[in-house]
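When a ligand or atom number is given, it counts from 1 through the structure's own listing order. Numbers here simply count residues along the sequence, with the first being 1.
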Amino acid sequence: MQKDDKMKVLVTGGAGYIGSHVVRQLGEAGHDIVVIDNLSTGHEWAITYGRLEKGDLADVDFIDRVFSKENFEAVLHFAANIVVPESVSNPLKYYGNNTRNTLNLLTMIQKHKIPYLVFSSTAAVYGMPDVKEIAEDTPLNPINPYGASKMMSERMIQDLAFATGLNYTILRYFNVAGADLKSRIGQATPEATHLIKVACECVQGIRSGMKVFGTDYATRDGTCIRDYIHVDDLASAHIAALDHMKKGGGSNIFNCGYGRGFTVKEVIETVKRLSGKDFPVEETVRRDGDPDALTARNERIRTTLGWTPQYDNLDTIVKSALDWEAEWQRRKSV
Ligand code: UFG
């Protein structure tokens, strides 16, 4: 990267799972990084480049102070709650921390005239679309408050961009999984609910077993299909998005997935095969808010950003998650 390609960037949620992988790649590319994180689910050790401003996006004065001190050229906005069933039982937590806090951040982006924004959105904005592969122009129809909270944020960003000339890239993540291949960082969220993380905790003996939520979905084995994408491939999409905007590429929305899906049962079998460990798996009723199948069409990000995944392999994803889980348990025990 050329020297003048270096940017001063704000990363909200940079101590979290996905944010920390992006911070590492931004740091390696030479960008100057400030992280805002309230450390509610993230960890300070996970910020491997740049510096932390500890605080909450609900606190507008705090955000204003950070923006006033620094001359940011770009904002990458990860900070959010992300657990689908929790959003069903506690919707206002999601409309507060996700939608309202995005409004707070956008207010500062407008006030301080920040030209570039990368926003973490989600496949959950599509709801339960009636198509085999989801394209970016598939109508948005979220079936849970989490997806709705992100859809509303997307809309605010687009409206602000129309009014001010802000350049944005909205990245709609499918199921992010795996960890840094060197196990320097990984998912360390307390009480994680995500499938691969939960299965890896079973391997480590942190949990005595796990559940399969629903075996009567309209899929090949009755369990939900998801498009699992390695977190470092997702991270590289953010770097490519920033580069593209900086070169004048304008605003875009991209799906981030590999375009193929695995069932819950296939994922659990892969974890058992690669770890060589068996653990109890109970088949139980459906979980609230789960669509049958979500797989991405990803031609747009491939052609527009030249994004080429490097880890499109379930074994690679699961192996990195298993390695990280072993490392994380080792760190916690010393
Ligand atoms: N599942 C189980 N048992 C578990 C955990 C999960 O059967 O212990 C199942 C779920 O019911 C679902 C699938 O595994 O069918 C994947 O569930 P996750 O909780 O891992 O992920 P979600 O699909 O609910 O959600 C994730 C992100 C969202 C994103 C979505 C997009 O959390 O941000 O992927 O596909 F929107």
May I ask you to list the atoms of ligand 1 that are less than 4.0 angstrom from any heavy atom of [X]?
X    : result
A123 : 31 (C), 35 (O)
D290 : 10 (C), 11 (O), 12 (C), 15 (O), 24 (O)
C224 : 15 (O)
I82  : 32 (O)
V264 : 7 (O), 9 (C), 13 (C), 14 (O), 15 (O)
V212 : 7 (O)
K211 : 2 (C), 3 (N), 4 (C), 7 (O), 8 (O)

Quick check: does M210 get an N/O under 3.5 Å from an N/O on ligand 1? no

Ignoring angles and geometry beyond distance, decide whether F213 reaches within less than 3.5 Å of ligand 1 through its nitrogen or oxygen atoms. yes

Protein heavy-atom partner closest to [atom] - residue, atom, separation in Å:
atom                    : value
atom 5 (C) of ligand 1  : T193 O, 3.3 Å
atom 17 (O) of ligand 1 : R287 NH2, 3.5 Å
atom 33 (O) of ligand 1 : Y146 OH, 2.9 Å
atom 18 (P) of ligand 1 : H194 CD2, 3.7 Å
atom 23 (O) of ligand 1 : R226 NE, 2.8 Å
atom 36 (F) of ligand 1 : T122 OG1, 2.2 Å
atom 31 (C) of ligand 1 : N175 OD1, 3.3 Å
atom 16 (C) of ligand 1 : Y228 OH, 3.8 Å

Check: T169 and H238 side chains under 4.5 Å, non-hydrogen atoms: no

Side-chain heavy-atom pair K150, S120 within 4.5 angstrom cut-off: yes

So how far is it from R260 CZ to Y228 OH, rounded to the nearest 0.5 Å? 10.0 Å

Ring centroid separation for F119 and Y168, is it under 6.0 angstrom? no

Have a look at L117 and tell me which of N167, L242, L106, L160 forms a side chain to side chain contact (heavy atoms under 4.5 Å, CB included) with it. L106

Aromatic plane relationship, H21 with Y17 - under 30° parallel, 30 to 60° tilted, over 60° perpendicular: perpendicular

Cation-pi, [Y] ring and [X] (6.0 angstrom, 45 degrees):
X    : Y    : value
K246 : Y116 : no
R300 : W307 : no
R226 : F262 : no

Of the non-hydrogen atoms in F78 and G13, which two are nearest, and what is the gap between them? CB-O, 4.1 Å

